[in-house]
*Asks:* 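Quick one: this structure, given as structure tokens, is what I'll be asking you about.
In listed order, ligands and their atoms are each counted from 1.
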Amino acid sequence: MGIKENFEKFLKNIPDNVKLVAVTKTKPNENILEAYKAGYKIFGENKVQELVDKQESLPGDIEWHMIGHLQRNKVKYIADFITLIHGVDSFKLLKAINKEAIKVNRIISCLLQFHIAKEQSKFGLSYGEAVEFLDSEEYKALKNVQIEGVMGMATFTEDENVVRSEFRELNHIFNQLKQDFFQDDSRFKEISMGMSGDYRIALEEGATIIRIGSLLFGHRN
Ligand SMILES: *Cc1c(COP(=O)(O)O)cnc(C)c1O
């Protein structure tokens, strides 16, 4: 089956109000153009260099999402075009994004990444760390970032119960933050969770954005 057919089949099976970020990392521009020509325009990358290269050579109306770990000194390369940064895992990074957003006169949309998995290797904030900076005057003074929700990655395991409980935890964190910090902010509404292997569980647990690569573009090497 071709990429176009993969998209059609996949989109038919997810609710209309869920946003699909098609993850294009390691895939060549021809693959992305195939999806683009079929009408699909929201793509995600996890490395800055690859993201910048693709953004420069592909059509300008593509909506690019940064889904991977982002180093502070690299924010400047994506600040003028990025649609959503999913992996904000420290206050220092949020401040760096704000600083670069000012330079390009934009308000950059971000998600706070939480560490919900058992693995140490995955990045993310704890709930306490997030609360600490969201309560601060320093955070309230940041005018060029807009926090639109939360993001997380579940443990890589066959055990569905583990995955489900981690997604449920992220949903709980979202609701708590909404209540305590974003009650009057209608833009705080996104829960980005679920990949090719676990998106069904993520949808059941309230995902509003799913990030899918291999199911659409085939396996990566
Ligand atoms: C690669 C990646 C995905 C997509 O993974 P698939 O298993 O190919 O769907 C989703 N989110 C992040 C953060 C990724 O790095």
*Asks:* Can the ring centroids of F181 and Y139 be said to lie less than 6.0 angstrom from one another?
*Replies:* no
*Asks:* How close do D185 and K178 get, counting heavy atoms only, and between which atoms?
*Replies:* O-NZ, 2.9 Å
*Asks:* For R211, counting its heavy atoms only, list the atoms of ligand 1 lying under 4.0 Å from any of them.
*Replies:* 4 (C), 9 (O), 10 (C), 11 (N), 12 (C), 13 (C)
*Asks:* Looking only at protein heavy atoms, which one is nearest to atom 10 (C) of ligand 1, and what is the separation?
*Replies:* M195 SD, 3.4 Å
*Asks:* Please could you name the atoms of ligand 1 that S196 approaches to less than 4.0 Å, counting only its heavy atoms?
*Replies:* 6 (P), 7 (O), 8 (O), 9 (O)
*Asks:* Does the side chain of H69 pick up a donor-acceptor pair with the side chain of Q71 at under 3.5 Å?
*Replies:* no
*Asks:* With a cut-off of 4.0 Å, which atoms of ligand 1 are near a heavy atom of G213?
*Replies:* 4 (C), 6 (P), 8 (O), 9 (O)
*Asks:* With a cut-off of 4.0 Å, which atoms of ligand 1 are near a heavy atom of K25?
*Replies:* 1 (C), 2 (C), 3 (C), 14 (C), 15 (O)
*Asks:* So which atom in F43 and which in V21 form the shortest heavy-atom distance, rounded to 0.1 Å?
*Replies:* C-CG1, 3.9 Å
*Asks:* List the closest protein heavy-atom neighbour of atom 13 (C) of ligand 1: residue, atom name, distance to the nearest 0.1 Å.
*Replies:* I67 O, 3.5 Å
*Asks:* Answer with yes or no whether I212 contacts ligand 1, where contact means a heavy atom under 4.0 Å from a ligand atom.
*Replies:* yes
*Asks:* Classify the side-chain pair D53/Q49 by whether it contains a donor and acceptor separated by less than 3.5 Å.
*Replies:* yes
*Asks:* With heavy-atom distances below 4.5 Å as the criterion, would you say the side chains of L177 and F174 are in contact?
*Replies:* no
*Asks:* Side chain, backbone, both or neither: which applies to R220 and ligand 1 if a contact is any heavy-atom pair less than 4.0 Å apart?
*Replies:* side chain
